**Student:** 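Take this structure, written in C-alpha cells, and hold onto it; I'll ask about it next.
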Amino acid sequence: MDKPASRQKLLFIVSVILSSCFWLGLVFFALFAMRRTWAYVGLDYVALTVALAIILVYFIDFIRRARLVAHLKGHAIEIGAKQHPDLYSRLKACCKRLDIESLPNMYIFSGNTQKKSYALRYQGQQYIAINVDVIAALTDRQGAIDFILGYELARARDVYS
C-alpha cells in the first residue's frame, strides 16, 4: 500500500476544521434567520414554506430521474438476451451472486459524460447504465466488468431498497 504524503494528515485536519466552521456558521445563520422570521410572519408560515421547499425538491428529483430514464430509453442500448447476450449473462450471474431476484434494466450509453456508470430507480423499476468506453476499456479483463456490474447492483440495492 502506498505511504500517505507527509502533508496529507495536515491537509485533512485543515479541511475538517474549515468544513466544520462552514456548517456551524450555516446552522447559526439558519437559526438566526428563522428566529427573526418567526417574529414577523409566524411559525405556521415558516412551516408551510419548509413543506413547500421539501415538495419542490422531491419534484425536481422526480423530473431529474425521469429525464435520465428518457435519455436512456432514447439514446442507449438496452442489454438483453438478443442484444449483447454476453453482458446479459454476466448481469444475470452477478444478480445471482448478490441474491437479487429481479433483474434491473441495463443500458449501455455512449458520449463524453462525466458519469461512467450509474444506477437509479424510477417508478419501481431499477436501471443500471454503463458507458461503452468503460466496457471497451475492460474487454481484456472480464473480472473488472463483473466488478463494475456488482458495484452498480450493490448501489441500486443499497440506496433504493
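These numbers were taken from a predicted model, which means no experiment stands behind them.
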**Student:** Any chance you could measure I148, atom CD1, to I135, atom CD1, to the nearest 0.5 Å?
**Tutor:** 8.0 Å
**Student:** Between C94 and D146, what is the shortest heavy-atom contact and its length?
**Tutor:** SG-O, 3.8 Å
**Student:** What is the distance from atom CG of D140 to atom CD1 of I145, rounded to the nearest 0.5 Å?
**Tutor:** 9.0 Å
**Student:** Distance from K92 atom NZ to K96 atom NZ, nearest 0.5 Å?
**Tutor:** 10.0 Å
**Student:** Considering non-hydrogen atoms only, spot the tightest contact between Y88 and I79 and give its length.
**Tutor:** N-CG2, 3.6 Å
**Student:** Membership question, hydrophobic clusters at under 4.5 Å side-chain separation (ILVMFWY): are Y151 and I128 in the same one?
**Tutor:** no
**Student:** With salt bridge (charged side-chain N to carboxylate O under 4.0 Å, His left out) as the test, would you mind laying out the steps for R90 and D86 before giving the verdict?
**Tutor:** CA-CA 6 Å; R90 286 186 176 284; D86 53 337; over 6 Å; no
**Student:** Could you tell me whether the side chains of Q125 and N105 share a donor-acceptor contact shorter than 3.5 Å?
**Tutor:** yes
**Student:** May I ask you to decide if Y107's main-chain N or O and E78's side chain share a donor-acceptor pair within less than 3.5 Å?
**Tutor:** no
**Student:** Heavy atoms, side chains only, cut-off 4.5 Å: are L56 and L52 in contact?
**Tutor:** no
**Student:** Return the minimal non-hydrogen interatomic distance between L91 and P104, and the atom names on each side.
**Tutor:** CD2-O, 3.9 Å
**Student:** Give the ring-plane orientation class for Y58 versus F62, where under 30° counts as parallel, over 60° as perpendicular and anything between as tilted.
**Tutor:** parallel
**Student:** Show your reasoning for whether side-chain contact (heavy atoms from CB on, under 4.5 Å) applies to S110 and D133.
**Tutor:** CA-CA 7 Å; S110 65; D133 296 335; over 6 Å; no
**Student:** Kindly give the heavy-atom pair with the smallest separation between Y122 and V69, and that separation in Å.
**Tutor:** CB-CG2, 3.7 Å
**Student:** Show the atom names and distances, to 0.1 Å, of all donor-acceptor pairs under 3.5 Å that link a side chain in residues 18-32 to residues at least two apart or in another chain.
**Tutor:**
unit_1 : atom_1 : unit_2 : atom_2 : d
S19    : OG     : S15    : O      : 2.9
S19    : OG     : V16    : O      : 3.1
S20    : OG     : V16    : O      : 2.7

**Student:** When hydrophobic residues are tied together by side-chain contacts of less than 4.5 Å, even through go-betweens, does I63 share a cluster with Y127?
**Tutor:** yes
**Student:** Looking at CZ of F147 and CG of L138, how far apart are the two atoms once the value is rounded to the nearest 0.5 Å?
**Tutor:** 10.5 Å
**Student:** Indicate if V134 and V132 have the same hydrophobic cluster label, given that clusters are the connected sets of ILVMFWY residues with side-chain heavy-atom separations under 4.5 angstrom.
**Tutor:** yes
**Student:** Starting from I55 and following side-chain heavy-atom contacts under 4.5 Å between hydrophobic residues (I, L, V, M, F, W, Y), which residues can be reached?
**Tutor:** none
**Student:** Hey, could you give me the CG/CD1 distance between L72 and I77, rounded to the nearest 0.5 Å?
**Tutor:** 11.5 Å
**Student:** Using every non-hydrogen atom in the two residues, find where A76 and I108 come nearest and quote the distance to one decimal.
**Tutor:** CB-O, 3.3 Å
**Student:** For R121, does its backbone N or O pair with a side-chain atom of R65 as donor and acceptor, under 3.5 Å?
**Tutor:** yes
**Student:** Quick one: CD on E152 to CG on L120, what's the gap to the nearest 0.5 Å?
**Tutor:** 10.0 Å
